[in-house]
Amino acid sequence: MQSADWGKRHVVAVLGFIGFFNVYAMRVNLSVAALPMADHYHWCGANVTAGTECETSGTVLGSFFYGYICTQVAGGWLATRFGGKHVYGVGVLVTSVLTLLTPLAANAGVPVLVAVRVLEGLGEGVTFPAFNAVLACWVPPHDRTRFSTFVFAGALFGTIVSNPVSGYLCSVPVGKVPGCPFCTGWPSVFYLFGSLGLVWYTVWIAVFVSEPENDPSVTPSELAYIKGTAAGGANEAAKLVAAAEVAAVEGATKTPDRKPLPLGSIQEDHNDSATEAAPLLGASGGSASTTSGGPSSSSPPWRAMWSSPAVWAIIVGNTVANWSFYNLLTCMPQYMKNVLGLDISSLGFLSSLPYITAFCVAIGTGQLADRARARGVPTVLVRKACMTAGLGTTSGALLAMAYVPEISTSMAIGLLCVAMAGSGIGNSGWLVNHLDIAPPYAGLLMGITNTFGTIPGFVAPQVTDMITTADPVTQPDLLRQQWRTVFQITAAVSGFGIVFYAAFAKGERQRWAGAGHR
């Protein structure tokens, strides 16, 4: 089937991947740069050992999430109403501009730096919900796990690249490169990734169209494939693609009708008997773009969303998964520096190893999950299995780290890799589940669940700072014990998430997400 091969939807996925690479690189570079910045500006006091973290560092790192949490629902609603192109693009653009301004903000003082980081969070907060709406519109249901895990893996790849690059740039003194005062030192970290974000935005605006039926570069066969699988699965898509290709061969001179095809009814998951069918075009008044995830002017079913156990399962899954992810994302450089005794020149690369593992596992699990669904395994079982395996793997690795006596550096890094592999597995559970249960509101639903899922972003680093108070030079044993407590808490949170998600998660479109529902 020709349209199942490379098409415009794959270009959209690659652009989304690069977009998330940019926003996460801009988010996490401060985790590395915070160490030399704290020394340069004496955040912890003039007489404190160089490289030591303190309460000010935690405040600066956590401030991003105070803004990030505020625009989740707004981003999802805007993308649902108007499409994801400008919502996602502007989110990346704002983040890029503010990243470029970060060195100036740091020179102005901690309050100004915190304010800029909050604003940066406001800009980036719309990105995940907005692109979830893009996926609902551009990707057919049976491909959504692998497409989603690939696109969102761009965030992991941004972490992989940003950590070693930021570590290297921070290790080179400012002004080391003649004639280029912006090329080295911790300020160059923000100039580099902020500039890359601006370049990406230019390409995104020029290439992407919010809906496939309005994109002249989408072939009739690819459009039939996207809409056909939304209507009746891969077999129906094959028939529609074949019909489109026959029409093309016969030399139709008429410009193809790019409106949504009246393909009968949507069945998002033919494996689940409880799937709710909804007319694509019919008396209910629902439009094709509404049912498939495109822009819609209809009012979201707020009450039904908030009372749905399936929604709360994703909320809990998102929050629990992000407790460990955000904790490791923002605090891993501190752990490796202060507990493992790694110098800053090697900090970036070593702290990227767990994310390299998570990146590979996330993409591989997405492929396996969709293959299982294609072979008849119910979507709900696939989602629950991925969540259980993911959170269970993370819990087991962190408990091992907490209780293995005299843990070596290589073992600690290995266990962190296993913990992050669990995060990658879990992405094929809760992260894709929005598209299963409510494709017309996938962006809005991501905004709702990610609002809760963002709470660990500013709570977890603060909790870690409050627990890990021992001095790494004079109290190394006490500090190691305090980090054990941090990992024990994270493992307990993961265990709760396994039970709750297994009890309430669903894999089929919910009744309140049907076309024409108010």
Side-chain angles (χ1 to χ4, degrees), residues 1-19 78-93 127 130-144 147-148 150-151 154 199-232 234 236-264 266 280-281 286-297 435 439-440 442-443:
M1 185 164 51
Q2 182 178 352
S3 63
D5 298 328
W6 183 270
K8 183 59 180 288
R9 68 193 184 281
H10 296 92
V11 176
V12 172
V14 171
L15 286 173
F17 177 94
I18 298 173
L78 288 170
T80 300
R81 188 71 181 269
F82 304 109
K85 176 176 182 176
H86 293 294
V87 180
Y88 184 63
V90 170
V92 179
L93 175 64
T127 54
F131 208 87
N132 224 33
V134 171
L135 289 169
C137 189
W138 274 85
V139 181
H142 71 274
D143 287 340
R144 284 176 180 164
F147 269 76
S148 297
F150 170 75
V151 169
V199 173
W200 175 90
Y201 175 77
T202 303
V203 176
W204 172 259
I205 291 299
V207 172
F208 179 66
V209 178
S210 288
E211 294 182 274
E213 53 264 38
N214 296 328
D215 190 335
S217 66
V218 175
T219 65
S221 60
E222 182 179 14
L223 182 62
Y225 179 80
I226 295 172
K227 297 300 181 182
T229 49
E236 181 67 18
K239 297 177 183 177
L240 292 162
V241 171
E245 291 174 347
V246 168
V249 171
E250 290 177 351
T253 59
K254 182 180 178 180
T255 301
D257 184 5
R258 308 310 295 265
K259 294 181 180 179
L261 302 173
L263 301 176
I266 287 181
L280 195 59
L281 289 175
S287 68
S289 60
T290 301
T291 54
S292 65
S296 170
S297 59
L435 294 163

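Bear in mind that the values here come from a model prediction, so they are computed numbers and not experimental data.
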Subject >> Smallest separation among heavy atoms of Lys85 and Ile205, with atom names >> reply: NZ-O, 3.2 Å

Original post:
What's the verdict on side chain to side chain contact (heavy atoms under 4.5 Å, CB included) for Asp215 and Glu211, showing C-alpha distance, side-chain angles and the deciding distance?
Top reply: CA-CA 7 Å; Asp215 190 335; Glu211 294 182 274; over 6 Å; no

Original post:
Would Val87 and Phe82 count as a side chain to side chain contact (heavy atoms under 4.5 Å, CB included) if you check the C-alpha gap in whole Å, the side-chain angles of each, and the deciding distance to 0.1 Å?
Top reply: CA-CA 8 Å; Val87 180; Phe82 304 109; 5.6 Å; no

**OP:** Spell out, as yes or no, whether a donor-acceptor pair under 3.5 Å connects the side chain of Tyr88 to the backbone of Gly16.
**Re:** yes

**OP:** Could you tell me which non-hydrogen atom of Tyr201 sits nearest to which non-hydrogen atom of Val90, and how far apart they are?
**Re:** CE1-N, 4.0 Å

**OP:** Taking all heavy atoms of Ala442 and all of Leu435, pick out the closest pair and write down the distance.
**Re:** CB-CD2, 3.5 Å

Subject >> Interatomic distance, Trp138 atom CH2 to Arg9 atom CZ [nearest 0.5 angstrom] >> reply: 9.5 Å

Subject >> Heavy-atom pair of closest approach, residues Phe147 and Leu135 >> reply: CB-CD2, 4.5 Å

Original post:
Should Lys8 and Glu222 count as an ion pair when the cut-off is N to O under 4.0 Å?
Top reply: no

**OP:** Please confirm whether the backbone N or O of Val92 pairs with a side-chain atom of Trp204, one donor and one acceptor, at under 3.5 Å?
**Re:** no

Original post:
Taking all non-hydrogen atoms of both residues, which atom of Arg144 and which atom of Ala136 are closest, and how far apart?
Top reply: NH2-O, 3.2 Å

Original post:
Side chains of Tyr225 and Asp143: do they bring a donor and an acceptor to under 3.5 Å?
Top reply: yes

Subject >> Phe131 versus Val151, closest heavy-atom pair with distance >> reply: CE2-CG1, 3.4 Å

**OP:** Apply side chain to side chain contact (heavy atoms under 4.5 Å, CB included) to Ile226 and Val139, showing your working.
**Re:** CA-CA 6 Å; Ile226 295 172; Val139 181; over 6 Å; no

Original post:
Is there a side-chain contact between Pro212 and Cys137 (heavy atoms, below 4.5 Å)?
Top reply: yes

Original post:
Can you check whether Val218 reaches Glu213 side chain to side chain, under 4.5 Å on heavy atoms?
Top reply: no

